[in-house]
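Only one structure is covered here, and it is reproduced in the block below.
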Protein chains: 2
Amino acid sequence: MFKELDPLLHSQLRLAIVSILMSVDSAEFTYLKEQTQSTAGNLSVQLDKLSEAGYIQIDKSFNGKKPLTTCSITKKGIKAFDDYVKTLQGYIKK
Amino acid sequence: MFKELDPLLHSQLRLAIVSILMSVDSAEFTYLKEQTQSTAGNLSVQLDKLSEAGYIQIDKSFNGKKPLTTCSITKKGIKAFDDYVKTLQGYIKK
DNA sequence: TAAAGTAGTTTATAAAATAAACCAAATTTG
DNA sequence: CAAATTTGGTTTATTTTATAAACTACTTTA
């Protein structure tokens, strides 16, 4: 029937973030912000949620004295994304 | 880049409703409730939203003296669903 | 050295989803 | 046959989520 769509991925911004991270090795905060056209605040919140779920890994370092946040997808995140896409097929392929 | 996902369809329940209505001529309230495993309250609210957007048509009649709510998708709804799926491909086909 | 910019985080607010409570009629049950 | 339950919903309240606004800390530039 209709399997639950992982609510963590069923959000426009988080889906876009994960989608980007699926296609690159890692991405910086500013890159994600630019690509997704999101505000920094919203991006920050959604990255935290994905990180807390273990879907992405966030590495906070410094570029000289500027903070530098780098994100990458985890195995768990890849699995979740794949599952999400499969579940979604069940909705739209009817 | 990342086109906006129609917020009216980007909801688990409404997507399931529209998905069902895409595959049948019409469906009764009770059938939709059973198929989507939703509560009557939630279903009622979401059907109203889809109806107000012109995505579905709701016909309220009586079966003897019991209310009978029958729903079907509209042309606008079909278009919106197709667009939604296309937009989504842009997210997941990366 | 004051103003503006960078790279974010935290907190507040708006919007959405969901649940709970309710209604009217019909049906079942003790 | 009268009370309790079920059916087919709607309305209202609550919770959750997404988003925006405000803030921090440091840096660059005029």
Side-chain angles (χ1 to χ4, degrees), chain A residues 2-21 26-53 55-72 80 84 87 91, chain B residues 2-21 26-53 55-72 80 84 87 91:
Chain A
F2 291 96
K3 248 184 71 190
E4 220 223 337
L5 281 164
D6 184 343
L8 244 124
L9 291 181
H10 198 62
S11 131
Q12 187 150 245
L13 183 49
R14 288 194 302 269
L15 188 61
I17 293 166
V18 169
S19 167
I20 290 169
L21 294 180
S26 73
E28 292 173 16
F29 187 94
T30 47
Y31 177 79
L32 290 173
K33 179 168 176 284
E34 182 192 301
Q35 290 293 310
T36 59
Q37 305 267 55
S38 62
T39 61
N42 194 8
L43 183 57
S44 178
V45 169
Q46 307 311 329
L47 286 177
D48 277 356
K49 284 188 189 170
L50 289 170
S51 167
E52 258 167 59
Y55 288 5
I56 68 172
Q57 206 196 310
I58 301 183
D59 179 56
K60 281 163 206 274
S61 63
F62 281 88
N63 176 21
K65 291 194 182 158
K66 281 185 200 166
L68 179 66
T69 300
T70 310
C71 310
S72 57
Y84 176 79
T87 302
Y91 281 72
Chain B
F2 292 98
K3 248 185 71 191
E4 219 224 339
L5 281 164
D6 184 344
L8 244 123
L9 291 182
H10 198 62
S11 130
Q12 185 148 239
L13 183 49
R14 288 194 301 269
L15 187 61
I17 293 165
V18 169
S19 167
I20 290 169
L21 294 181
S26 73
E28 292 173 15
F29 188 94
T30 48
Y31 176 80
L32 290 173
K33 180 166 176 284
E34 181 191 302
Q35 290 293 309
T36 60
Q37 306 266 57
S38 61
T39 60
N42 195 9
L43 183 57
S44 178
V45 170
Q46 306 311 329
L47 285 177
D48 277 357
K49 284 187 189 171
L50 289 170
S51 166
E52 256 166 61
Y55 288 5
I56 68 172
Q57 205 195 310
I58 301 184
D59 178 57
K60 283 161 204 275
S61 63
F62 281 88
N63 175 23
K65 289 193 185 163
K66 279 185 200 167
L68 179 67
T69 299
T70 309
C71 311
S72 56
Y84 175 79
T87 302
Y91 280 72

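Here the structure is a predicted model, which is why all the values come from computation and not from measurement. Below, chain A is the first sequence line, B the second, and so on; all start at residue 1.
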Distance, rounded to the nearest Å, where [X] contributes [atom1] and [N] contributes [atom2]:
{"X": "A:N63", "N": "C:dT6", "atom1": "CG", "atom2": "C1'", "value": "11 Å"}
{"X": "A:L15", "N": "D:dT17", "atom1": "CG", "atom2": "C1'", "value": "16 Å"}
{"X": "B:K49", "N": "D:dT10", "atom1": "NZ", "atom2": "P", "value": "15 Å"}
{"X": "A:Y31", "N": "C:dA7", "atom1": "OH", "atom2": "P", "value": "16 Å"}
{"X": "B:E34", "N": "D:dG8", "atom1": "CD", "atom2": "P", "value": "11 Å"}
{"X": "B:K66", "N": "D:dT10", "atom1": "NZ", "atom2": "C1'", "value": "18 Å"}
{"X": "A:E4", "N": "C:dT18", "atom1": "CD", "atom2": "P", "value": "9 Å"}
{"X": "A:F62", "N": "D:dA25", "atom1": "CZ", "atom2": "P", "value": "12 Å"}

Margin query: For a quick test of reading the model, state the closest non-hydrogen atom pair linking A:A27 to A:Y31 and the distance between them.
Written below: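 The pair with the smallest heavy-atom distance is CB-CD2, 3.8 Å.
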Notebook entry, point to check: Which pair of heavy atoms, one from A:T36 and one from A:A16, lies closest together, and at what distance?
Noted result: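 Looking at all heavy atoms of both residues, the shortest contact is CG2-CB, 4.0 Å.
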Is the shortest heavy-atom distance from the side chain of [X] to the side chain of [Y] under 4.5 Å?
{"X": "A:Y55", "Y": "A:I17", "value": "no"}
{"X": "A:Q46", "Y": "A:K49", "value": "yes"}
{"X": "A:E28", "Y": "A:L68", "value": "yes"}

Please list each protein N or O that sits under 3.5 Å from an N or O in nucleotides 8-15 of chain C, with the distance.
from  : atom 1 : to    : atom 2 : distance (Å)
C:dG8 : OP1    : A:T69 : N      : 2.8
C:dG8 : OP1    : A:T69 : OG1    : 2.3
C:dT9 : OP1    : A:K60 : NZ     : 2.2
C:dT9 : OP2    : A:S44 : OG     : 2.5

Check: Just to confirm, is there a sub-4.0 Å distance from OP1 or OP2 of C:dA16 to any side-chain nitrogen or oxygen of B:R14?
Finding: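 No.
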Check: What does A:S11 touch in the nucleic acid at a heavy-atom separation under 4.0 angstrom: a base, only the sugar-phosphate, or nothing?
Finding: sugar-phosphate
Margin query: What contact category does A:Q12 fall into here, base, sugar-phosphate, or nothing, at under 4.0 angstrom with non-hydrogen atoms?
Written below: nothing
Note to self: Using the rule given for side chain to side chain contact (heavy atoms under 4.5 Å, CB included), can you reason through A:I20 versus B:F2, listing the C-alpha separation, both sets of side-chain angles and the distance that settles it, and then say yes or no?
What the structure shows: CA-CA 10 Å; A:I20 290 169; B:F2 292 98; 3.7 Å; yes
Notebook entry, point to check: Between atom CG of B:L32 and atom CG of B:L47, what is the distance when rounded to the nearest 0.5 Å?
Noted result: 6.0 Å
